[in-house]
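Below you'll find the structure, written out as structure tokens, and then a few comments.
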Amino acid sequence: MMKETITLSYSQIANQLVTHFNNLQDDRFHENPDSITNLAHILPKATKGSKFISNLYPRSILFDYSNGTGALDPFIYFQENPMNSIDMKDVQTIQTTPTLDLNHYQNNLNKGKPTVGLDNERTQFWSDFAKVTYKPTCVIKHPSYVYDPETSKGVDKNTHSQKFDGHQLGVDTFQDIEAFHDSIDDQVRKMFEESNNVNAVNAVVELDSAWSGVCFESLKHLIDDQLGGKGSKVMLWSLQRDYKYVREMTITGKLDRIQKLTDLGNLDVGGIASLNLDFPSTLPIVNPWAKTSVLSIPFDFFNNIKDVDIGEVLYKLTDGGQQKFINDVRTLWNDEVLHLGGGLFTNKPDEDAYTFAKSVVTSQSCIEDIKGFEDFDALVAKSTPRLYLQTYKSRHDIKYTDSMPSFFQNADIPACSLGVTSSLRGDFKSMHDFVSKYCRSDVREELKNDLENLVESYTHGFEYTDGEDEDDVY
């Protein structure tokens, strides 16, 4: 029986990553439409009474801002548009918002003409480079906030002064907006019913926004309603800014990030992978479209692992859920190792930290020894259990498609890895100390207890930092 994957993504940035991923799935299907494994992430729909596929829909549900679809017409119907039956001649237009024209790439797609890449075109919205068709009901919008491409932030659509930030704002948004809280019982439930055997659920979220709260609430309901309260096959991918950005936050902003991380960590999910939006690289990355194209690589590799359930992968990677936060994310790009993961708070990641577990996924065509990329023997020599060092095979290679930046054209991407290291101990220790010093709200003691447990989870042996003794270990 075929196993399917369902993906939920929260924010314009997260939707751009997922669109890169879905474009690759679409290309692979058309390259080999007889391969049933290519349909894990795509739902084929045939015209009634026909054996031929008429539309391919990603098994994805996108949460976005009110203008999040960019130039894409949100009222695209595959049957007669019911709005045509309404007499609109007496309707007075009070206010209109600026509209976008389709870029050259999307115009050519609509006309069935060849496309030639996007490096010199507008790529501000995921719809500018989407090659797949999303169901209108599976794009769920916030009615009161818009996406500002200049700042990559969500802002209030009327004043443009209030940002869509703050974890509690996201929690309240999910509860207050009907389309959001009904989505679990409507779109998500229907997508599960249309699948034969859901093998994995992805949740991709922009952490440094209120979308963290929307994601938190929706996953709670999804796990309870659709997975029987067991989220071991749910993988959360957190797109987040690095430690330098966090250092510049206000006290309130830092406390908010701590609340986000502890709430997400308390979810019954299989793992939480941190993807650094500020990752260092020599590649010509100038905007979120290019940035998310690179960050989609580990997402693609781990969502196409061959013959292994994602729950089994995450169980070994996170010590059965004891170490859910996955901070060490790497991709082998030609001869360069891209470090795409990162820390969670103000500490610079420790590159010499102890590795608790690591999983490597190689591309379908990779036959070379990747010891130069990840040396398991060296990790075992430093006492990492061999059981927690795993290698898997992807069903696919990462091949250039013209919805990607042109720097992918000559890229050889044979492997990527996810790992858990003791570097996170310093982050959680710093968070605990910060909460002790600055937090005066009712959740102070609860946060401290959660962070004490996390410090202990990521402590290797009798590991202390400078100025710390045994009495300081929780």
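Values below: all heavy atoms of this structure, side chains included; hydrogens, waters and symmetry mates excluded.
Side chain of Arg28 to backbone of Asp397: a donor-acceptor contact under 3.5 angstrom is found.
In summary, the side chains of Asn327 and Ser423 do not present any donor paired with an acceptor at a separation below 3.5 Å, with no hydrogens or angles considered. For the residue pair Asn15 / Ser9, a side-chain donor-acceptor distance below 3.5 Å is found, with atom types taken as modelled. Tyr65 and Ser11 share no donor-acceptor pair across their side chains, judged by distance under 3.5 Å alone. Looking only at atom types and distance, the side chain of Asp128 has no donor-acceptor partner in the side chain of Gln124 under 3.5 Å away. With 3.5 Å as the limit, one finds no donor-acceptor pair spanning the side chains of Thr5 and Asn303. Side-chain polar atoms of Ser430 and Asn347 form a donor-acceptor pair below 3.5 angstrom. For Ser417 and Glu374, the side-chain atoms include at least one donor-acceptor pair closer than 3.5 Å. Asn110 and Gln106 form no side-chain donor-acceptor contact under 3.5 Å, judged by distance and modelled atom types alone. Side-chain contact, Asp64 with His142: no donor N or O sits under 3.5 Å from an acceptor N or O. Side-chain contact annotation: Asp186 with Ser183, donor-acceptor N/O pair under 3.5 Å absent. A donor and an acceptor atom, one from each side chain of Asp300 and Gln25, are located under 3.5 Å apart. Checking Thr115 against Asp402 by side-chain atom types alone, a donor-acceptor pair falls below 3.5 Å.
Listed here is the closest heavy atom pair of Lys230 and Asp268: CA-OD2, 3.5 Å. Closest approach of Pro58 to Val132, counting heavy atoms only: CG-CG2, 3.6 Å. Between Ala200 and Ile310 the shortest heavy-atom distance is CB-CG2, 3.3 Å. Counting all heavy atoms, side chain and backbone alike, Phe373 lies closest to Thr331 at CE1-C, 4.0 Å.
In this structure, the side chains of Asp225 and Arg189 stay at 4.5 Å or more apart for every pair of heavy atoms. Gln259 places a side-chain heavy atom less than 4.5 Å from the side chain of Leu447. Contact check for Leu332 versus Ile413: no side-chain heavy atoms found under the 4.5 Å cut-off. Inter-residue side-chain proximity for Pro298 and Leu275 is flagged as met; some heavy-atom pair is nearer than 4.5 Å. Two residues are said to be in side-chain contact when any heavy atoms from C-beta on lie closer than 4.5 Å; Trp237 and Thr7 fail this criterion. Contact of the Asn67 side chain with the Val146 side chain is registered, since non-hydrogen atoms from C-beta on lie closer than 4.5 Å. Contact check for Ile140 versus Leu62: no side-chain heavy atoms found under the 4.5 Å cut-off. Side-chain contact between Met191 and Ile61 is present, with at least one heavy-atom pair separated by less than 4.5 Å.
Here the two rings, on Tyr134 and Tyr57, have centers that are 6.0 Å apart or farther. Ring to ring, Phe21 and Phe299 are close: their centroids are under 6.0 angstrom apart.
With respect to Phe428, the ring-ring contact (aromatic ring centres under 6.0 Å, His included) criterion is satisfied by exactly one of Phe434, Phe345, Phe325: Phe325. Paired with Lys131 under the rule side-chain hydrogen bond (donor to acceptor under 3.5 Å, both in side chains), one option of Thr401, Asn22, Asp26 passes, and it is Thr401.
The pair Glu31-Lys399 meets the salt-bridge criterion, with a side-chain N (NZ, NE, NH1 or NH2) lying under 4.0 Å from an Asp/Glu carboxylate O. Taking a cutoff of 4.0 Å between a charged side-chain nitrogen and a carboxylate oxygen, Asp328 and Lys358 qualify as a salt bridge. Using a 4.0 Å cut-off between charged side-chain N and carboxylate O, Arg241 and Asp278 make a salt bridge.
Atom NZ of Lys163 sits in a sparse spot, with 12 or fewer heavy atoms from other residues, nucleotides or ligands closer than 6.0 Å.
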| Trace of the side-chain hydrogen bond (donor to acceptor under 3.5 Å, both in side chains) decision for Asp263 with His167 | CA-CA 9 Å; Asp263 271 1; His167 187 61; 2.9 Å; yes
| field | Worked verdict on Arg257 versus Asp208 for salt bridge (Lys or Arg N to Asp or Glu O under 4.0 Å) | value | CA-CA 7 Å; Arg257 180 178 262 224; Asp208 298 301; 2.8 Å; yes
| task | Mind running side-chain hydrogen bond (donor to acceptor under 3.5 Å, both in side chains) on Lys141 and Thr69 for me, showing each step along the way? | result | CA-CA 9 Å; Lys141 298 182 179 182; Thr69 52; 3.0 Å; yes
| message | One pair to check against side-chain hydrogen bond (donor to acceptor under 3.5 Å, both in side chains): Asn304 and Ser394. What are the steps and the verdict? | response | CA-CA 5 Å; Asn304 284 297; Ser394 172; 5.1 Å; no
| said: The test is salt bridge (Lys or Arg N to Asp or Glu O under 4.0 Å); show your working for Glu193 and Arg59 and say whether it passes. | reply: CA-CA 12 Å; Glu193 290 175 349; Arg59 288 190 173 91; over 6 Å; no
| After noting the C-alpha distance and the side-chain angles of Ile326 and Met235, does the key distance pass the side-chain contact (heavy atoms from CB on, under 4.5 Å) rule? | CA-CA 11 Å; Ile326 302 162; Met235 180 70 163; 4.0 Å; yes
| request: Could you walk me through whether Trp333 and Phe408 pass ring-ring contact (aromatic ring centres under 6.0 Å, His included), step by step? | output: CA-CA 10 Å; Trp333 180 288; Phe408 270 85; 5.0 Å; yes
| Asp156 and Ser144: side-chain hydrogen bond (donor to acceptor under 3.5 Å, both in side chains), yes or no, with the steps? | CA-CA 6 Å; Asp156 178 83; Ser144 303; 6.0 Å; no
List the atom pairs, with distances to 0.1 Å, where a side-chain N or O of residues 215-223 and a protein N or O form a donor-acceptor pair under 3.5 Å, not counting sequence neighbours.
residue, atom, partner, partner atom, Å
Glu217, OE2, Lys220, NZ, 3.3
Ser218, OG, Tyr10, OH, 2.6
Ser218, OG, Val214, O, 3.0
Ser218, OG, Cys215, O, 3.1
His221, ND1, Glu217, O, 2.8

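Pairs engaging residues 241-270 under the ring pair (Phe, Tyr, Trp, His ring centres under 6.0 Å) rule: none recorded [sequence neighbours left out]. Listed by first and then second residue, the side-chain hydrogen bond (donor to acceptor under 3.5 Å, both in side chains) pairs that reach into residues 404-414 are Asp119-Ser406, sequence neighbours excluded.
Using bins of under 30°, 30° to 60° and over 60° for the plane-to-plane angle, the ring pair His20/Phe129 lands in the parallel bin. Between Phe164 and Tyr145, the ring planes lie tilted relative to each other; the angle falls in the 30° to 60° range.
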